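Notes for the one structure printed next.
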Amino acid sequence: MTSELDIFVGNTTLIDEDVYRLWLDGYSVSDAVALRVRSGILEQTGATAAVLQSDTMDHYRTFHMLERLLHAPPKLLHQLIFQIPPSRQALLIERYYAFDEAFVREVLGKKLSKGTKKDLDDISTKTGITLKSCRRQFDNFKRVFKVVEEMRGSLVDNIQQHFLLSDRLARDYAAIVFFANNRFETGKKKLQYLSFGDFAFCAELMIQNWTLGAVGEAPTDPDSQVDDMDMDLDKEFLQDLKELKVLVADKDLLDLHKSLVCTALRGKLGVFSEMEANFKNLSRGLVNVAAKLTHNKDVRDLFVDLVEKFVEPCRSDHWPLNDVRLFLNQYSASVHSLDGFRHQGLWDRYMGTLRGCLLRLYHD
Amino acid sequence: MPGKLKVKIVAGRHLPVMDRASDLTDAFVEVKFGNTTFKTDVYLKSLNPQWNSEWFKFEVDDEDLQDEPLQITVLDHDTYSANDAIGKVYIDIDPLLYSEAATVISGWFPIYDTIHGIRGEINVVVKVDLFNDLNRFRQSSCGVKFFCTTSIPKCYRAVIIHGFVEELVVNEDPEYQWIDRIRTPRASNEARQRLISLMSGELQRKIGLKVLEMRGNAVVGYLQCFDLEGESGLVVRAIGTACTLDKLSSPAAFLPACNSPSKDMKESPLVHPPSHGCRSTHNSPIHTATGSRLTQNFSVSVPTLIYTGMGSGSAGKEGGPFKALLRQQTQSALEQRGGSPHRFCRRREFPFFTLTAFPPGFLVHVGGVVSARSVKLLDRIHNPDEPETRDAWWAEIRQEIKSHAKALGCHAVVGYSESTSICEEVCILSACGTAAVLNPRFLQDGTMEGCLEQRLEENLPTGCGFCHIPYDELNMPFPAHLTYCYSCRKQKVPDVLFTTIDLPTDATVIGKGCLIQARLCRLKKKAQAEANATAISNLLPFMEYEMHTQLMNKLKLKGMNALFGLRIQITVGENMLMGLASATGVYLAALPTPGGIQIAGKTPNDGSYEQHISHMQKKINDTIAKNKELYEINPPEISEEIIGSPIPEPRQRSRLLRSQSESSDEVTELDLSHGKKDAFVLEIDDTDAMEDVHSLLTDVPPPSGFYSCNTEIMPGINNWTSEIQMFTSVRVIRLSSLNLTNQALNKNFNDLCENLLKSLYFKLRSMIPCCLCHVNFTVSLPEDELIQVTVTAVAITFDKNQALQTTKTHAEKSLQRASTDNEELLQFPLELCSDSLPSHPFPPAKEHLESASSNSGIPAAQRATSVDYSSFADRCSSWIELIKLKAQTIRRGSIKTTVTVEKASPMGEGNFRNRSAPPCANSTVGVVKMTPLSFIPGAKITKYLGIINMFFIRETTSLREEGGVSGFLHAFIAEVFAMVRAHVAALGGNAVVSYIMKQCVFMENPNKNQAQCLINVSGDAVVFVRESDLEVVPTQQPSANCQPSCTEGEVTT
């Protein structure tokens, strides 16, 4: 006796959260059944393995049918085939678009093209995440990227509108899209200590302050729009950043800056002497990073540079985080007292964001 | 020009990409009704076209409006080649044709293609302007309401229940026409869908005409079926119950018909003298012999079993003289209609009712299940306009049912249904129902008058009345073991009662019920034509018998004594027959406690064998005890005679658990004591019997927190929450063709059903505590080695805490009832005497046995006059004392109120729990509930919008790509649900009640990567309002169901 056909269709589509998770995690039906057996469900319910197998198959089939709709979540809301309560719909979408930290760290900042897909196998081996799950997560990134790529307006809003994600998840996707678009390097060994959250935090700050959308300078002629407002960095701004070079190139200005900072922080910093000794190096590092951002290659290396030029030196001197904060605050604020420096606005736009990023990046 | 149909095509969405180059579609729409077609403009390059068309107007006869569906076709415009069809929508206009239903159909409909499934949606608005047509010879029957619900719809009142209506139409099946060889599968499927839609419309119209002739205005319990006879054609047939319904305008007016019987009669112009009671019973209009066979067709009629309790026989005089009277009344009511002088009245041939639940007071007695089957050989239907052959076949079967009912002393059949099973050219026609005696008041207005009627009402205890036997004890149609009713102690009841109806609302049940199934397979040699038909008909009686035995055993094993909602399905295949009987077992307080099951071995001397037997016996006893606990069956001990052991000594041995009927009089009146109750003896004399016993014990009860039944609601649970989940589950298994034996087959089939149930319990575990209601199994044999089982049911969550309370009060109530009923005894004999009718004193307890038996020696007539009232009352009062002792805690004064509250319908109960679901905030798709039940827990149906009757075909030539057979069917069923919901939503409704999947025919050819499936569903579209949303909650509390109890209370006080 073999089961040829075995289906269950509810007027309200049954969604088993546990099975959904297994499906999302890319387990095959038999693996999923084995995992469910291990969870002790048979003992709890008195069911047999055959029942579990049939149930799992059924759910997998449902999810498979739903997947097409999940690719365009608004369709899931408007479709008539599956009657699913709104709260469940939200859960389906949210879980489908959720991703693994380990996976996202591997692809963050990489080009979301087919070439990378071949690497999914390696990522799968490296992270222990099933290839299926990797593929889903990668395809999600790519799909979101494709949809919002050409869109105007707020990146987060666009994602939220087209994928009906929660605010938090939409922000994460904004970061992923932003990183992918600007191809920031995140995979270097010295960046390994950073979490996706660290990068996402930086991305948000950068989107808020360094993009075209940030300054509200929507081009008057919509046809001429070449850059995406939230996704691309404000090219003009990056060009202007060269002007900051004077802060380190002009020796007087550098000395004045240093003395202002040291005066203000004397006695307040546990690592004052180290700071005093390193001030010029640190300042040079930070300003040079800004000046180099006109080149795409250097934009990509932004995080590598920040870690190399600022985070690592401070860390090697064992600066406490609070000292870093005090230093950066003072470092940015003191520039306002430099009479010879004319680019206060530019400095604030740059340093405001960078200070936030650096504080986030500064940990073990 | 009686009608103008107006259609507007608004927009489309989610259309498929038809032009690969642009990834877009140039869509336009064709709107067709009858022979008229309109087209919209082409909306270029969009998957979400906005047509906003003008109003397309069709001027048509109302006859066409009833028959024809509106056909909407969405196409992709192509300049160079033929336009590609995207898909179609068929809209049934019928709901717009009667005033109380929907006024407009407007909404998003899935665009359906028989090859690709749903491909986007289209927004359509449909309206009908009807002009009044007073032509009495018209062919249309606009205005007759149709309901699938097999009870009086919730917001209506039955004025008259006219009776049975049936009709069938036949046609050639387009799939088998010559043209099918040259047209595409799509064209063929669409031709079929359209034809069936057309035939359904025609059928409905014809039935409507019959209803109008009977002066009714509605059909309740409308059941329409298709017989795909293959080469020989396509039959669409329908049965229903014609009624005259009154709409209840406000919830306050929610009074059942029975509350004002005299008023009803006064309204009627027809007043007949009350002399009907004296008419003899001989004037039955039908005397046709059932043996008449059609000559042009080979046909075999199968001996039929009458399902009722079988046990030791007993003889004696009938307890109540009213039965005879009642029978006469009912019969005359039925006959009168038949022979009535009205010009339009057809002869009322069959007193059948497709209803399964009735207005209070309608059902007087229930005799038992009657069924008839007949094996026919199909031949081509030559003239579709004269479907006489099929008509004659059914007439024959119905005739048989009627005579069976008569044998049971009944003149009506309720819970009536018909079905077929077809395999190649052999067709089994089946009809099944419950023989019953009905209260004639509902059948005809004004026929029954006066005091008799009134007294009937007062004297028949409502809680147990339907259990009392309608047949004559002296001429019992089958051996039965009779006792006095455990509830009223006045009338005789059988030991076991089988019915096809729902549990009457006023029945007193102890504990909870459960789903009981008998499953059976029989191998059969492959044969042709006559030989095949003969082989089948030879097998049928054995199957029926065995299924009955199985049901009986399982019922006993559960410690219960009655089956409701019995549905026996026999399916014929190439090389086997399958039987599946499902019913809901309950413990009726009025019936005696069932005896146990006794096992006997054939070689009593073998020690180890004996041991084995006793081991089995112990297991069975344990199971019974366990089941009693599980289903909370703890009947109040009314008398001391109940003996401790459930298993008395085996009295006799008989292979096959039916004990021989005892012909002697020895048991007669004395056999009141339940102690001597028939114990079923199971003799294990071969492996077959061993298997039987084993299979008895392998039926696993549902996991804790789960209950299941195949009736509308579960007795003992009435605090449903609003959480419901309707589902359909389909399983197909392939049998290994090697060495198939009956036993292996039985085991396979049993496992299939059990596993299916287990799967359901597992899947729905999140709903615990919950009950699977209206569990409906359908078996088909699509191919040689394939068995397909389809289950549709609804899971309803209930509140556990309240359930406990209610069961408690239930038990109390039954005690109360017992006491009230016994008090009635005091009045009862008085009235009997005053009417100088033959009375029969009955000994209620053991201590009176002697006097009783001596009494029975006196001729009835003599006795009637010589009844000593005082001594009788004496006896009765001593009885009451006894009961009072048992039920000390009950205060009689509170009876009326207690009963009222308790007997509120399950919907009323929903008031306790206002767990309204959060409204769907951001979704544009409204939720449409679907349920096979006639009600929605925790909600009130405010409007019936019309019948939903849809037929779909889905075919694929890329089976693997669509996920194999499971993927294909899963998607199709989901699509069917979606289309039903969309149609309901477009009618302005938010639920389908009495939903049923009547057919699910699945065929596959994996080698060719092909599959095809036909599905037919129906139900009633309704608007419901959550009870928590209703402001005037208290006004609806006294619902129809509590009325009989109230009447009873009035009598008592």
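All figures in this text were calculated on a predicted structure; none of them were measured in a lab. Chain letters run A, B, ... following the sequence lines, proteins first, then strands; residues in each count from 1.
The CZ atom of Phe977(B) sits 9.5 Å away from the OG1 atom of Thr13(A) when rounded to the nearest 0.5 Å. Atom CG of residue Leu52(A) and atom OG of residue Ser759(B) lie 9.5 Å apart, to the nearest 0.5 angstrom. Taking CZ of Arg61(A) as the reference point, atom CG of Leu969(B) lies at 9.0 Å (rounded to 0.5 Å). Taking CZ of Phe8(A) as the start and CG of Leu760(B) as the end, the distance is 6.0 Å to the nearest 0.5 Å.
Ile118(B) places none of its side-chain heavy atoms less than 4.5 Å from the side chain of Leu80(A). Contact annotation: the side chain of Leu69(A) never approaches that of His14(B) to less than 4.5 Å [non-hydrogen atoms, C-beta and beyond].
Here Lys763(B) pairs with Asp58(A) in a salt bridge; the nearest charged N to carboxylate O distance falls below 4.0 Å. In summary, Lys758(B) and Asp55(A) do not engage in a salt bridge, as defined by a charged side-chain N under 4.0 Å from a carboxylate O.
Per-residue counts of heavy-atom pairs under 4.5 Å with chain A were compared for Ala978(B), Ala982(B), Ala795(B); the largest is that of Ala978(B). Ranked by heavy-atom pairs under 4.5 Å with chain A, the list Arg981(B), Glu1004(B), Met726(B) is led by Arg981(B). Between chain B and the residues Ile41(A), Val51(A), Thr48(A), Thr45(A), the most heavy-atom pairs under 4.5 angstrom are made by Val51(A).
Contact annotation for Phe968(B): neither backbone nor side-chain heavy atoms come within less than 4.5 Å of a heavy atom of chain A. Both the backbone and the side chain of His970(B) come within contact range of chain A, with heavy atoms under 4.5 Å apart. Using a 4.5 Å cut-off between heavy atoms, Val794(B) makes no contact with chain A at all. Contact annotation for Leu786(B): only side-chain heavy atoms (C-beta onward) come within less than 4.5 Å of a heavy atom of chain A.
Here the rule is side-chain contact (heavy atoms from CB on, under 4.5 Å) with Val9(A), and of Val730(B), Ile973(B), Val976(B) only Ile973(B) fits it.
The minimum heavy-atom distance between His78(A) and Glu121(B), with the atom names listed, is O-OE1, 3.9 Å. Taking every heavy atom of both residues into account, Gln83(A) and Gly926(B) meet most closely at OE1-O, 4.2 Å. Listed here is the closest heavy atom pair of Phe762(B) and Ala47(A): CD1-CB, 3.6 Å.
Judged by distance alone, the side chain of Ser966(B) and the main-chain N or O of Ile7(A) form no donor-acceptor pair under 3.5 Å. Using a distance-only test at 3.5 Å, with no hydrogens or angles considered, a donor-acceptor pair links the side chain of Gln725(B) to the main chain of Asn11(A).
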